Structure formats: structure tokens, C-alpha cells
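Below: one structure, written as C-alpha cells.
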Amino acid sequence: MHALNFDNRWLRELPGDAETANYTRQVPHALWSRVRPRLVKAPKLLAYSPEVAQMLGLSEADMQGGEMLQALAGNALLPGMEGYATRYAGHQFGNWAGQLGDGRAIMLGELMHDNKRFELQLKGAGLTPYSRQGDGLAVLRSSLREFLCSEAMHHLGVPTTRALSLVTTGEQVTRDMFYNGNPQLEAGAIICRVAPSFTRFGHFEMLASADEIELLKQFIVFTLQRDFPEWLQTASNQHGWKPISMQSLEPEMIEVWFTEICERTAILMAHWMRVGFVHGVMNTDNMSILGLTIDYGPYGWVDNFDPGWTPNTTDAQGRRYCFGRQADIARWNLERLAEALMPLLSTTKGLSNGIAHYDQTYMRTLMSSLAGKFGWDNWQADDGDLIDRCFELMTRAEVDMTLFFSHLAELDLAQPDIATLQPAFYTEQGFLQFKDDFQLWLQHYANRSKNTPPEVRQAQMQSHNPRYVLRNYMAQQAIDNAEQGDTGPLLELMQLLRTPYTLQPDMEKYAQKRPDWARHKAGCSMLSCSS
Ligand code: AMP
Ligand code: MG
């Protein structure tokens, strides 16, 4: 195993917890607590992402070697690695939840490669001071889902944390999947996640709520320097800022930086809406400061288009985090972040500008994504109405989102015929009931689409509409097989989702509607936070 270059600034520059024993507690005046990952019996590398390995400068031999496996399982720290858990708080389902923290994520340090910084983090590697009532562990089911989906999102071009490896521990973990008094033993697993930074809105909320304002200030300076170096350089030139430090930090810097976070978050939301991704638990502790998709739990992919759909059974009543509300929720979360920054500012003006920038960026990006999905090269005044009508019909008639756009690309604009779209309808009845309405819509659509040159139309539709997405039942099949020791389907999905926009003739079984059996099956349509 070749030597890795770690530069653990979080530990070096931010204050840590004086207590070193590992028990659940409140941790004041610190951003991290030292912890050792727990030892596991029989680790096995189920899969790894060659793309992430390459990004980190890890060779195939490194990845297949025993030393790496021990590190990825939490049994050993490689030279330069240090175990720690970070302290954050958050709003969960709209309510203030106080201190949360890395309850089952253990940082291994900051790996430097090619002049880039990557935080490495094990998820499911045991208890930390932030584990509260949890066991610090993760099961194969949810770990495989996170591993597979974070890589799939990357290949879709959606900002996301990455996943290096999926390891089973050889141990069993008890989970009551639906919180209904049916605990079962499941295979334990650990993934190694990778991102330039895992910092969440909740890290800032923690310090503000504890009234640790000097530390909040220090953490903002740290974040600007470590996590936003290029942006800071450009912004400093633009605004004529002095090099950033505790002494030179000005309100304007915080406000302009908040606006940048708003922008990234808006772009992320437009991506989720474009590809039909529903995060499922958009609590403020699951919001990345870099605008990455983070913390894959009971997420899901839209099959039949429905703004009210949520994959998370825990949220089935309120539907706070359903597909159609994601942009509003992200905005609400940004307002909570803004509140956490307020102690360092004297007026709310700059932060309100940030929120306004969020609204504008989201609308602009969404409109351009939607224009792309429908095959247009620009946005015209009536397009919003035309699209709203389409989405309304899709919802009422139960039309598959991904398939709809694949088939729409094949429409003959000279003679638009609803039959082209029939394979995207879930039921015969839905088709029969709505085909006349849809036919009328198609005529308006064909009219609207005529002035976009055919090659532009094709290019737009191909680059905005994935042909393959990780439908929930597909992930579940990979899980069922992996639990029986067969990683074939997992590896096949990894391969498929590397080029999600490209037709792969021998993989067309994955460009189909959700099968009927998956409609109401656990893991396929119903997921919970239990993981
Ligand atoms: P999540 O809903 O997964 O974003 O988790 C919210 C909080 O609960 C975070 O602080 C997690 O670290 C913590 N948590 C979730 N599951 C566990 C677990 N099994 N053991 C310990 N902490 C957990
Ligand atoms: Mg979380």
C-alpha cells in the first residue's frame, strides 16, 4: 500500500472535545471528538468505485489489498489517518432538534491528492459521543443504497458526496425496519464516503444555538479558507477584500458567501427536479454547505410523475419532503442557516438578498432544465403553462417520468400521436381516460417545438433526460442478491449507471416502468429512516 498524504486541518485548526472517553453526551465549545472506529470480525470488500479510487490516487492493487480493507472496515488507521466525529445540530421535520453530530460517521482525515482535499468518512463504524440512542452501525441494505446512488448521481452530473467502498462486516445488526415491533437481524456494512467537505448547515446552527459566537466566527473563517478557496479568491478580487482572518472577517464577506451557498443549493434543487430524485429527509443537518447531495437515506426516484410523492414512510403523513416541495424546503433550510449567521451581522438585508438570489437562481435553472427536457433551446412566455398542463396530466394519468421524456424525444412533430407515449402510462385505464387531453396537449407542444432545429432538440433532450435512473426496485433487487452473496446485479447497476444518458441496447430491461410487484413492496415504494 503506497503512502497517503493526509493533512487534517479540521483537527489541527479547530478546537476539539477535552473528554476522550466514548459515551453519549453534549459536547460544548468544540467541533469534534476523537473516536476509534470499532473492530469488526470478518470484513469483506463487496464493491468499490474505481472512479473514486482514481480520484484519490488509489490503484487497483491498493484497493484489493488487505491493509486497505482493514482501514475501510474501521479495523485499522493507515498512517496519517485519525478517527474523529464532528459536532452539529439541526432542524428535523421542521423542529429544532439540538445537538445531533456524527452519530455513526467517523472521519478518517483529509486526504490530499492532485492538490485537492478529500474528507474520508466511514459510515456505520460504531458509536461516537453523538450516537444518542443509536448503535452507530449501518446495515447492508441502506449502505448499498447510498453507495450505488451517490455514484449514480455523480454520473448524472448532479453534485453529490461520493462513495469509495462498500464493505460487509461479517456481523449482524438489529433493525426494526418499519418501527412496528418487528426487529430483525440484518447484515452489517460500512461505506467509506468521500467529499471535499461534509460540513452541513447544522454545524453553524450548533454553534449559534449554543451561543458560541467566537467559535462560530472561527468556523466560518475556517470554512471559507478550507472549503471555498477558489471562490474566496475570486470574490476577494471582486470585492477588494483583505486576506481572510478572524480580524478581517467582515459582514459583507459572510453575506456574499451565504449568497454563494444559496446559489449552489438552488442549482442542486433544479437538478433533483430534473432527474426525479426525492431526498426524503431534508433536515438541516442533511444540507451540505457545498451544495452537494448528502446523506442518502430513505431517498427515492419518481416513477409515475407525482409532486406529492415521498419515498419516506416516516413522512407519509405530512409529506414535508415530497418531490414537489423540495425547492421550498431547501429555501426554508437556508433561512435557518441565515439565522445561525445572524449573530455576526447587524442587519438581515444581506441575507435576504441571498434568499432572493436563491429564488432567482432556482427559477432560472429550473426553466433552463425544463426547456432542455422538452427539447427547446430557449424559454418562452407561455412555456410555464404548457409544462404545468403536461405535469398535471402526467400526475392524473399516472405516467412514468423518465419514460415519458425518452418517448417524447421520439415524437413525430409533424404528426404528433399520443400512441408514441403509451408505453409510459402505468395503466390502460389512465391512458384511455386521458388520451384525448394528452393528444390536444401534444398538438400545442408540437407547435411550440417546431422552431427548434431537430439536431438541437435531440441534443437538448438527450443531455437533460436520463434514460436510466436507479429506480427503487432496482436497488432493492441488488440488495436482495447481495444479501444472498451475489453482487452480480450490484455490479451490473454500477455499470449501467455510469452512462445514464446513453442507450445501452443490452440493458433495456432497466429502461422500463416499475414492475407491478414493486408498487407496494418494502424497499421499492416504502422506505424508512431505519438504516
Ligand atoms: P439521519 O436521519 O440519518 O440524517 O440522522 C440524524 C442523526 O441521527 C445524525 O446525527 C446521525 O448521526 C444519527 N444517527 C442515525 N442513525 C444512527 C445510528 N444507527 N446510530 C447512531 N446515530 C445515528
Ligand atoms: Mg444525516
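Heavy atoms only: backbone and side chains are in, while hydrogens, waters and symmetry mates are out. Start at 1 and go down the list; that is how both ligands and their atoms are numbered. From a predicted model like this one, the values you see are computed outputs, not experimental measurements.
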Problem - 2.8 Å shell around the Mg ion (ligand 2), exclusive bound, protein N/O/S atoms - result: 2
Practice task
Identify whether the distance between the nearest side-chain nitrogen and carboxylate oxygen of Lys123 and Glu146 falls below 4.0 Å.
Solution key: yes
Handout entry: Lys/Arg N to Asp/Glu carboxylate O, Glu110 vs Arg9, below 4.0 Å
Key = no
Practice task
State, with a plain yes or no, whether a side-chain heavy atom of Pro466 is found less than 4.5 Å away from one of Leu156.
Solution key: yes
Exercise for the section: Would you please write out the protein residues whose heavy atoms approach any atom of ligand 1 to under 4.0 angstrom, listed by chain and number? Expected result: Tyr88, Gln92, Leu100, Gly101, Asp102, Gly103, Arg104, Ser131, Arg132, Gly134, Asp135, Gly136, Leu137, Arg175, Asp285, Asn286, Asp295
Practice task
Just do the salt bridge (Lys or Arg N to Asp or Glu O under 4.0 Å) check on Arg336 and Glu205 with the steps written out, would you?
Solution key: CA-CA 8 Å; Arg336 302 292 76 73; Glu205 291 180 275; over 6 Å; no
Exercise for the section: Give the intermediate values and the outcome of side chain to side chain contact (heavy atoms under 4.5 Å, CB included) for residues Glu339 and Met342. Expected result: CA-CA 5 Å; Glu339 279 170 6; Met342 261 322 281; 5.5 Å; no
Handout entry: Distance in Å, Thr161 OG1 paired with Asp295 CG, rounded so as to fall on 0.5 Å steps
Key = 7.5 Å
Handout entry: Heavy-atom pair of closest approach, residues Tyr130 and Trp32
Key = OH-C, 4.0 Å
Exercise for the section: Look at the rings of His279 and Phe277 and say which category their plane angle falls in: under 30° parallel, 30 to 60° tilted, over 60° perpendicular. Expected result: perpendicular
Handout entry: Trp301 ring center near Tyr296 ring center (under 6.0 Å)
Key = no
